[in-house]
Protein chains: 2
Amino acid sequence: MSGKPTREQIIETADRLFYQQGFEHTSFAHIADAVRISRGNFYYHFKSKDEILSAVIRHRLANTGKMLESWQAQADTPRDRIRCFIHILLVNGDKIRNYGCPVGTLSSELAKLNHSAQGEANELFTLFHDWLKSQFVQLGHRRDAGQLAAHLLSRSQGVATLFNAFGDEKFVRREVGQMCEWLDDITNQ
Amino acid sequence: MSGKPTREQIIETADRLFYQQGFEHTSFAHIADAVRISRGNFYYHFKSKDEILSAVIRHRLANTGKMLESWQAQADTPRDRIRCFIHILLVNGDKIRNYGCPVGTLSSELAKLNHSAQGEANELFTLFHDWLKSQFVQLGHRRDAGQLAAHLLSRSQGVATLFNAFGDEKFVRREVGQMCEWLDDITNQ
DNA sequence: TAACATCTAGGACAAACGACCTAGCCCGGA
DNA sequence: TCCGGGCTAGGTCGTTTGTCCTAGATGTTA
């Protein structure tokens, strides 16, 4: 199909399917069909389902890292960068409405499965957290930067969950606005 | 085993297992083993897996309703009742740390499975929302009661998600405190 | 051309899944 | 006593799951 190597196609397709249908509900056959390869070929690239999951998480970590870097380049001030984070809820609105937050839902699912990759998946949270923390430090909140980061992460997780459940876009816009106000408040002091 | 009728035992066990391991990951055999009955007997009481899910959701709705009524009886003011809601995060701390919020995680899972019971599961959210809304109305916030309810629901969902991922109890205590402060703020105005 | 590692296809496997069936148990009413 | 409905046990069906194997296609190097 596309020019990309098979292994990459598998990872990207698995990434999409894990997000849209959940990790457990996505089978080998399902991914293989979507990539249009045989199950046998599939097994040549990945020896087990856990191995794909690991690769998908690393893939997400890399993509997230790139996104954070692009924000770093786009926005001049730390406040604008944090605004970028808050606005993912609107930018990725359709996806979140249908499938929830890719980070939060994967973390929840793996927690229930008591899966060994739980820690790896949480690195996605940590990546966002540490990036936000560094932005808050740059805003002068050196002491409570970690707490502010966790607070904002938590807020956006909650909004994503409710958006996924009810699909109310007005609610998201309102919450995004409130988070931006909150950001301005703690910035101006 | 216990004196309860088999059907009730099945529902309660399924409720627990769906919460702890997720709906899809919990099989007929798993529930039957836990209740110590045969799969055949199981099928006498419930014709399909979706039927159990439906019964479990109704069971949760009933239990949640009782809990809300007990708060209504325990706490004198609407503010104290809302505080009861906020404090579930601490009261059910161990469960939430291990398995997340029963309402949010079920809603997320069913959304990914595109399951027909999605709407039923969301009634749990609605139950909390409407109850909170009525409390905010009683506090004099007639116009924006629904928004305040959704906001608080969203906040606690986010806290539950992060608590489930990182298990940081200090974070939960901090967020619970902030939500109570927020409640006081909008009450005193 | 010949040899080689890389990649692919498609089938086979046991185990587990949801669903279904039937034979028999228990126990109150006729 | 016999009957009959509520309940239980245990097995079976077809399908799907993750895993694994082998034969062959492909493409590069000698």
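What you see below is based on every heavy atom in this structure, not just the backbone, and it leaves out hydrogens, waters and symmetry mates. Below, chains carry the letters A, B, ... as their sequence lines are ordered, and counting in each starts from 1.
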| task | Rounded off to whole Å, could you give me the NE2-to-C1' distance for the A:His30 and D:dT15 pair? | result | 16 Å
| said: Whether A:Arg173 and A:Glu169 form a salt bridge (side-chain N of Lys/Arg under 4.0 Å from carboxylate O of Asp/Glu) is what I want to check. | reply: yes
| Please give, in whole Å, the distance from D:dG10 P to B:Arg36 CZ? | 14 Å
| field | Whole angstrom value for the distance that separates C1' of C:dA16 from CD of B:Gln21 | value | 15 Å
| request: Check the distance between D:dT19's C1' and A:Phe28's CZ and give it to me in whole angstrom. | output: 7 Å
| query | Does the A:Lys95 side chain pair with the main chain of A:Pro102, one donor and one acceptor, at a distance under 3.5 Å? | reply | no
| request: Take the protein atom CG of A:Asp33 and the nucleotide atom C1' of C:dG10, then report the distance between them rounded to whole Å. | output: 13 Å
| Selected nucleotide, minimal atom distance to B:Ser38 side chain, candidates D:dT8, D:dG18, C:dA9 | D:dT8
| remark: Atom CZ of B:Phe46 and atom P of C:dC20 are separated, to the nearest Å, by 16 Å
| query | Hey, does A:Tyr44 reach any base, or is it just sugar-phosphate, or nothing, if we go heavy atoms under 4.0 Å? | reply | base
| request: Just compare D:dC20, C:dA19, C:dA9 and give me whichever is closest to any side-chain atom of A:Tyr43. | output: D:dC20
| message | If I take atom NE2 in residue A:His25 and atom P in nucleotide C:dC17, what distance separates them, rounded to the nearest angstrom? | response | 15 Å
| request: Report the residue (B:Gly40 or A:Lys49) whose heavy-atom-nearest nucleotide on DNA chain D is the more 5′ of the two. | output: B:Gly40
| said: Among A:Val103, A:Thr64, A:Leu132, A:Asn122, exactly one meets side-chain contact (heavy atoms from CB on, under 4.5 Å) together with A:Leu127. Which residue is that? | reply: A:Thr64
| Candidates D:dT17, D:dG18, D:dT8 - which lies nearest the side chain of A:Ala29 | D:dT17
| said: Please report the distance, rounded to the nearest Å, between CG in A:Asn41 and C1' in D:dT22. | reply: 14 Å
| message | Taking 4.0 Å as the cut-off, does a side-chain nitrogen or oxygen of A:Thr6 come that near to OP1 or OP2 on C:dT8? | response | yes
| note | When B:Lys133, B:Arg81, B:Arg79 are each screened for side-chain hydrogen bond (donor to acceptor under 3.5 Å, both in side chains) with B:Gln138, the one that passes is B:Arg81
| query | Is the shortest distance from a Lys or Arg side-chain nitrogen in B:Lys4 or B:Glu12 to a carboxylate oxygen in the other one below 4.0 Å? | reply | yes
| query | Between D:dT19, C:dC17, C:dA9, which nucleotide gets closest to the side-chain atoms of B:Ser27? | reply | C:dC17
